[in-house]
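In what follows, every heavy atom counts, from backbone to side chain, and hydrogens, waters and symmetry copies are set aside. Remember, predicted model here, so these are calculated numbers, not experimental data.
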Amino acid sequence: MNITLNDNEISIIREGIIIEKNIIDMGIKEYKKELEEYEERHKMTSEEFIRRYNDGELGDEEKWFDWLLAYKAFNHLTERERLIKGINI
């Protein structure tokens, strides 16, 4: 699919992508910090947590849901960052 844009439209899209990337970068930093705090507090990596959580070893206590949310949000933002880096305008 080809889209024709003038210079002003391209500039607006570039600026929007830069803003989105900055927001994503801030979110990644915040969630990474949060994940590191969970890992230190519970003495396991986030990957180990996810494996154990998915295997049912940790139960369904509310404290695990916050870690799960942070893990999923971090991965979602990391994927969005990867996609944005692939945009060539």
*asked:* Is there a side chain to side chain contact (heavy atoms under 4.5 Å, CB included) between R52 and E48? Walk through the geometry before answering.
replied: CA-CA 6 Å; R52 292 181 65 193; E48 181 182 358; 3.8 Å; yes
*Got a second to check how far R41's CZ is from E36's CD, nearest 0.5 Å?*
12.5 Å
*asked:* I need the minimum non-hydrogen distance between E9 and T4, along with the two atoms involved.
replied: OE1-O, 4.3 Å
*asked:* Check this for me: does any side-chain nitrogen of one of D55 and R51 sit under 4.0 Å from a carboxylate oxygen of the other?
replied: yes
Contacts table for residues 66-81: side-chain donor-acceptor under 3.5 angstrom, sequence neighbours left out:
{"from": "W67", "atom 1": "NE1", "to": "S46", "atom 2": "OG", "distance (Å)": "3.1"}
{"from": "N75", "atom 1": "ND2", "to": "Y71", "atom 2": "O", "distance (Å)": "3.2"}
{"from": "T78", "atom 1": "OG1", "to": "F74", "atom 2": "O", "distance (Å)": "2.7"}
{"from": "E79", "atom 1": "OE1", "to": "R82", "atom 2": "NE", "distance (Å)": "3.0"}
{"from": "E79", "atom 1": "OE2", "to": "R82", "atom 2": "NE", "distance (Å)": "3.4"}
{"from": "E79", "atom 1": "OE2", "to": "R82", "atom 2": "NH2", "distance (Å)": "2.5"}
{"from": "R80", "atom 1": "NH2", "to": "E20", "atom 2": "OE2", "distance (Å)": "3.0"}

_In one Ile/Leu/Val/Met/Phe/Trp/Tyr side-chain cluster, 4.5 Å: I23, I28_ = no
*Return the orientation label for the F49 and Y53 ring planes: parallel under 30°, perpendicular over 60°, tilted otherwise.*
tilted
*Kindly compute the distance separating CD1 (I19) from CD1 (I24), expressed to the nearest 0.5 Å.*
12.0 Å
*asked:* Check for me, please, whether I17 and I3 land in the same ILVMFWY cluster - side-chain distances under 4.5 Å, paths through other members count.
replied: yes
*Take D25 and K21 through the salt bridge (charged side-chain N to carboxylate O under 4.0 Å, His left out) test and state the conclusion after the steps.*
CA-CA 6 Å; D25 287 345; K21 184 179 180 320; 2.8 Å; yes
_Would you compute the distance between atom CH2 of W64 and atom CD1 of I50 and round it to the nearest 0.5 angstrom?_
11.0 Å
*Above 12 or not: heavy atoms from other molecules or residues under 6.0 Å from CD of E40?*
no
*Measure the OG-CG distance between S11 and N6 for me, rounded to the nearest 0.5 Å.*
10.0 Å
*Under 6.0 Å from the CG atom of N54, do we count more than 12 heavy atoms belonging to anything else shown?*
yes
_Verdict with reasoning, I87 to L83, per side chain to side chain contact (heavy atoms under 4.5 Å, CB included)_ = CA-CA 7 Å; I87 296 173; L83 292 172; over 6 Å; no
*Roughly how far apart are H42 NE2 and M44 CE, rounded to 0.5 Å?*
7.0 Å
*Should I18 and I10 be regarded as members of a common hydrophobic cluster, given that ILVMFWY residues are connected when their side-chain heavy atoms come within less than 4.5 Å of each other, either directly or indirectly?*
no
*Is there a chain of hydrophobic side chains (I, L, V, M, F, W, Y, each step under 4.5 Å between heavy atoms) that links L35 to M26?*
no
*Considering residues, nucleotides and ligands other than N22, do more than 12 of their heavy atoms fall under 6.0 Å from its CG?*
yes
*Should we count NZ of K29 as having more than 12 external heavy atoms under 6.0 Å?*
no
